[in-house]
There are 2 protein chains.
Amino acid sequence: MTDHPSVSRSNSGYSAWRLISEELRLDIDGGRLHTGDRLPTENVLAERFGVNRHTARQAIAALAEEGLVESRRGSGTFVTGHAVRLHRIGLRTRMTTSLGDQSASATIRVLHNAIEDAPSEIARRLGIDGRRAIRVETTRSAGGQQISVSTHWFDVERVPDIATALRRTGSVTAALHASGIDDYVRASTVVGARHATITESELLTLGPGAIVLVTEALDTLPDGTPLQHVMTRFSAQRVRLDIEHPRAD
Amino acid sequence: MTDHPSVSRSNSGYSAWRLISEELRLDIDGGRLHTGDRLPTENVLAERFGVNRHTARQAIAALAEEGLVESRRGSGTFVTGHAVRLHRIGLRTRMTTSLGDQSASATIRVLHNAIEDAPSEIARRLGIDGRRAIRVETTRSAGGQQISVSTHWFDVERVPDIATALRRTGSVTAALHASGIDDYVRASTVVGARHATITESELLTLGPGAIVLVTEALDTLPDGTPLQHVMTRFSAQRVRLDIEHPRAD
DNA sequence: CCAAGTTGTCTATTTATCTAGACAACCCAA
DNA sequence: TTGGGTTGTCTAGATAAATAGACAACTTGG
């Protein structure tokens, strides 16, 4: 178990129970508490974090609502089974096939699409100077659970019908194929993390203020011609990014 | 500018000003507000998020304390220059040389080292069954700013003096070299994100509850022999991970 | 200079969160 | 069966956060 300094929540913008809740999540995700293990009792937790028992209870209740733990009157609070998805990132990253063995069938749903001016930075990366771009907002789910939300940018001249194709096929690879593009590679990926916006929280069914992993990636043709700029937000609670390091031989 | 639904902060464990503060940070990091731009006025922000002006002020104050914005009485609040570090992750990831052009000299400081049993998962990856392991806790700083904290695990038989070498050289590569290891490669990297623990917040000089990017990586000899398991926590406010996708040719 | 608009500061009040204590309901091992 | 330990629930009070309003200090453009 981690050594927990008393919660110094002085005007941090986070309530005491939320901070405790996150620390407890660490003990679970970090492997210090395994499925079936009993958490310390509410009184012990309260003393350890220097708060009232009710505050500790609220922290536990938050984890219970997520399904991470389960409380049983008279006996204690126990860690339930919890799965973390691995999303593989590499040269041939494809949305619909990257979720490892856990679920082979990820489907993309198009929320919105429009033709508009891309932000200057994205227009530069896509190599479209004056031209307008296609923006597509998608969500991806697998196994009945929302995995991620994405904002795609395409060159309107290269793949004019990409939005319709995306809606029809539910797959970026298939939609590009329908536009005559048989192969593409991942050119760059940048990863960050931040709090989810309110919209993202709703789409991913997260509590407000939950954390998202953010990837910004550029896909190109094998010859390097930019194809797609895509920003994807994953629930950090449910997903880890598994980065591929191909051997140089 | 983003469309901001009114802040539904109902018992989320996050104070209203913190949620607003994070949304505003997005407008800056996301490129909707550039260096020198003026933020909406306090009254406008208060109305947009459905809170009192004082609450909006507190959100701005939090960003100002980070140095992300600057308020000028009578004229408004403006976005200051803010640098985001890029930490490159690839086959030859090295701690001390990965910080791009911004600062060539990152130094590692050893906080603590001990010989103990590694967690089973880590022992398995390092290929040390019964043997004990060396755990080293380090912090890394560059340009006067704390960048990351790491927990390293080494095989006690392969590199018995790694801790002393790390303290002396301030570099993993140099310390391994002193142990007779001239080359090593990154075998796997997994990226996640979570709230910082209280200890991490202190080491990285973050506000409590800030977000950290977490990488768990395995470094091996060129022949695949495991060398080091290292978990690194970066401040998500200050760092993005730039993932290398080597071409297959 | 002037007027409109902006941030800075103060006081007071309302609302939400946390603390404190007590006891019931329940589980489990002796 | 019994007794100690656990979670669930209730009441009340203390502390922190958010709201409300007013005005000062300052900047900017006309």
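A note on names: the letters A, B, ... follow the listed sequences, proteins ahead of strands, and every chain is numbered from 1.
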Review point. Under the 3.5 angstrom rule, does the side chain of R238(A) hit a backbone N or O of F234(A) as a donor-acceptor pair?
Key: no
Review point. Can you tell me if the side-chain N/O atoms of W17(B) get under 4.0 Å from OP1 or OP2 in dA18(D)?
Key: yes
Check your understanding: Is Q58(A) near enough to dT17(C) that one of its side-chain N or O atoms lies under 4.0 angstrom from OP1 or OP2?
Key -> no
Starting from [atom2] on [N], measure out to [atom1] on [X] and report it in whole angstrom.
{"X": "F49(A)", "N": "dT19(C)", "atom1": "CZ", "atom2": "C1'", "result": "17 Å"}
{"X": "E70(A)", "N": "dT6(D)", "atom1": "CD", "atom2": "P", "result": "19 Å"}
{"X": "E47(B)", "N": "dT6(C)", "atom1": "CD", "atom2": "P", "result": "12 Å"}
{"X": "N52(A)", "N": "dA12(D)", "atom1": "CG", "atom2": "C1'", "result": "13 Å"}
{"X": "L45(B)", "N": "dT6(C)", "atom1": "CG", "atom2": "P", "result": "11 Å"}

**Study point:** Helix axis bend for the helix from dC1(C)-dG30(D) to dA30(C)-dT1(D) - C1'-based end axes, five pairs, 10° rounding
**Key:** 40°
[X]: what forms a salt bridge (charged side-chain N to carboxylate O under 4.0 Å, His left out) with it, not counting sequence neighbours?
{"X": "D117(A)", "result": "R132(A)"}
{"X": "E137(A)", "result": "R135(A)"}
{"X": "R53(B)", "result": "E42(B)"}

Output all residues satisfying side-chain contact (heavy atoms from CB on, under 4.5 Å) with [X], sequence neighbours left out; order by chain, then residue number.
{"X": "D242(B)", "answer": "V190(A), L86(B), R88(B)"}
{"X": "R124(A)", "answer": "E121(A)"}
{"X": "T80(A)", "answer": "E70(A)"}
{"X": "A123(A)", "answer": "A118(A), I128(A)"}

N/O-N/O pairs, protein side and nucleotides 7-9 of chain C side, under 3.5 Å:
from   : atom 1 : to     : atom 2 : distance (Å)
dT7(C) : OP2    : E42(B) : N      : 3.1
dT7(C) : O4'    : G74(B) : N      : 3.4
dG8(C) : OP2    : R57(B) : NH1    : 3.1
dG8(C) : O4'    : R73(B) : NE     : 3.2
dG8(C) : O4'    : R73(B) : NH2    : 2.9
dG8(C) : O3'    : R73(B) : NH2    : 3.4
dG8(C) : N7     : R53(B) : NH2    : 2.7
dG8(C) : O6     : R53(B) : NH1    : 3.1

